[in-house]
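Order of appearance sets the numbers: ligands from 1, and atoms from 1 within every ligand. All residue numbers refer to positions in the sequence shown, counting from 1.
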Amino acid sequence: MGNTLGSILGNAERLAALRKTGLLDSAPEEAFDRLTRLASKIIGAPVSLVSLVDVDRQFFKSVQGLKEPWASKRETPLSHSFCQHAVNSGLDLIIEDARIHPLVKESRAIPELGAVAYAGIPLIDDDGNALGSFCVIDSKPREWTQDEIEILRELASSVMTEVRLRSMVVGLQEIDRMRAELIAVISHDLRNPLTAIIGSVELLMSESRNISPEDANDFLKMIHEQGKRMLQMVEEMLARSRADADAGRMKHESVDLAPLLGRVIKSFQVGGHTNPLEVEAPSRLVIRADEGMIEQVMTNLIDNACKYSDPRSPVSVRLAERDQHAVFEVSDKGIGIDEGLIATVFQPFQQVNGNQDISGGVGLGLHIVRRFIEMHEGTIDVSSQKGEGSIFSVTLPAS
Ligand code: ADP
């Protein structure tokens with residue numbers, strides 16, 4: 001990547017929007033191929049591309065007339081990309097002769113892709129993020145006419161219509177998946193306690209004279225417990241649906257993680273948790289992030305570490321800067337997770353080790369945590385040993 005391009009190409013909001021299209025690494029589709037075929041034919045250019053510019057490569061959602069191996073690979077490194085410049089400026093990039101053009105004369109695209117003349121229109125979404133470029137390429141110098149550029153613009157806006165439609169379909173599929181999950185929870189996790197509550201109440205009503213006060217009290221306790229558990233589940237499901245709504249309104253602000261962690265730790269200390277928290281953190285570690293989401297990530301991981309270990313067992317929380325990343329790590333000496341089940345803990349409604357009784361939730365916490373971290377272009381890893389403890393480690397880009 002050219003060092004002057006880093007800021008826009010690596011912009012977290014742009015990259016998140018690009019991932020959200022679901023187009024990166026997706027199979028070719030006729031809807032896009034039709035537009036590149038048309039561009040090549042009408043403009044008379046041997047190559048036409050729908051290029052999505054990622055942080056270190058350009059991926060071709062559609063490719064027409066490009067040489068091998070690039071046509072089959074459907075991507076090139078940025079060293080071979082003119083399109084990155086259209087993304088960087090957000091403006092049309094019209095090049096008559098790349099060999100003498102100051103921006104691209106050194107590009108590997110000239111010798112390796114045979115790119116000499118180029119006309120590219122940035123693909124800009126409704127939030128102003130440039131996702132890539134729709135372009136035509138010729139192997140000899142060429143003066144592009146106003147008409148040709150106009151046609152290219154029209155086709156580029158058809159590409160964006162396809163991208164929007166595609167996002168809507170992905171969104172609808174996600175809603176459908178969530179609806180199926182919700183039905184599964186309602187039919188299993190909510191139906192069972194509800195059946196127990198109704199059965200107990202019916203018994204209390206019909207047998208009120210024959211039941212001892214102690215037994216009646218046990219029934220009431222059970223009803224109270226089950227009711228509380230159901231309320232907790234409903235609240236978690238609402239939190240999850242709020243998380244989905246928040247995803248569309250994610251903020252990108254400067255957040256100093258050190259005082260934020262301080263506040264989170266304080267809330268645990270005054271909130272009745274008994275596990276000693278051992279904290280190691282620098283005095284300042286600023287990243288660009290959504291503060292509310294990161295706070296939820298920290299809270300959730302520390303809460304789990306306390307929940308799934310003995311109340312007197314220490315939990316260690318570490319924040320550090322490593323290789324231009326912020327690393328946040330929570331380790332406990334608790335019950336740990338079965339090796340074969342580690343991979344499932346981030347899936348929605350997954351509660352491993354038969355922990356439902358300790359959990360008090362429905363297994364959505366880590367699913368939301370991972371979702372928030374991925375929205376920040378970060379990663380989360382877990383290493384755990386049954387009976388020994390667990391380490392959850394989050395890595396977030398520092399800028
Ligand atoms: P829950 O609401 O059940 O805590 P989570 O999504 O936060 O849901 O976690 C999913 C499951 O992963 C938990 O039910 C638990 O079995 C396991 N888990 C999470 N954190 C830990 C931990 N620190 N130690 C052991 N098991 C854990």
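Contacts with ligand 1 closer than 4.0 Å are made by heavy atoms of both the backbone and the side chain of L366. Within the 4.0 Å heavy-atom criterion, the part of F392 lying near ligand 1 is the side chain and not the backbone.
The shortest N or O to N or O distance between I337 and ligand 1 is not below 3.5 Å. Among the atoms of D332, some N or O lies under 3.5 angstrom from an N or O of ligand 1. Residue contacts with ligand 1: H367 is placed with no nitrogen or oxygen under 3.5 Å of a nitrogen or oxygen of the ligand (distance criterion only).
Within a 6.0 Å sphere centred on CG of D323, heavy atoms belonging to other residues, nucleotides or ligands number 12 at most.
Side-chain N or O atoms of W144 include none that pairs as donor or acceptor with a backbone N or O of E96 at under 3.5 Å.
Near S390, meaning under 4.0 Å from one of its heavy atoms, ligand 1 places the atoms 22 (C), 24 (N), 25 (C). For ligand 1, the atoms lying closer than 4.0 Å to a non-hydrogen atom of V345 are 10 (C), 12 (O).
The pair K61-E29 counts as a salt bridge, with a side-chain nitrogen and a carboxylate oxygen less than 4.0 angstrom apart. Looking at R19 and E374, no side-chain N of the basic residue comes within less than 4.0 Å of a carboxylate O on the acidic one, giving no salt bridge.
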- Message: Please determine whether salt bridge (charged side-chain N to carboxylate O under 4.0 Å, His left out) holds for the pair R34 and E162, giving the CA-CA distance in whole Å, both sets of side-chain angles, and the decisive distance to 0.1 Å.
- Response: CA-CA 11 Å; R34 189 178 300 129; E162 288 301 332; 5.8 Å; no
- Task: Check the pair D25 / R57 against salt bridge (charged side-chain N to carboxylate O under 4.0 Å, His left out), numbers first and verdict last.
- Result: CA-CA 11 Å; D25 299 311; R57 60 168 182 159; 2.9 Å; yes
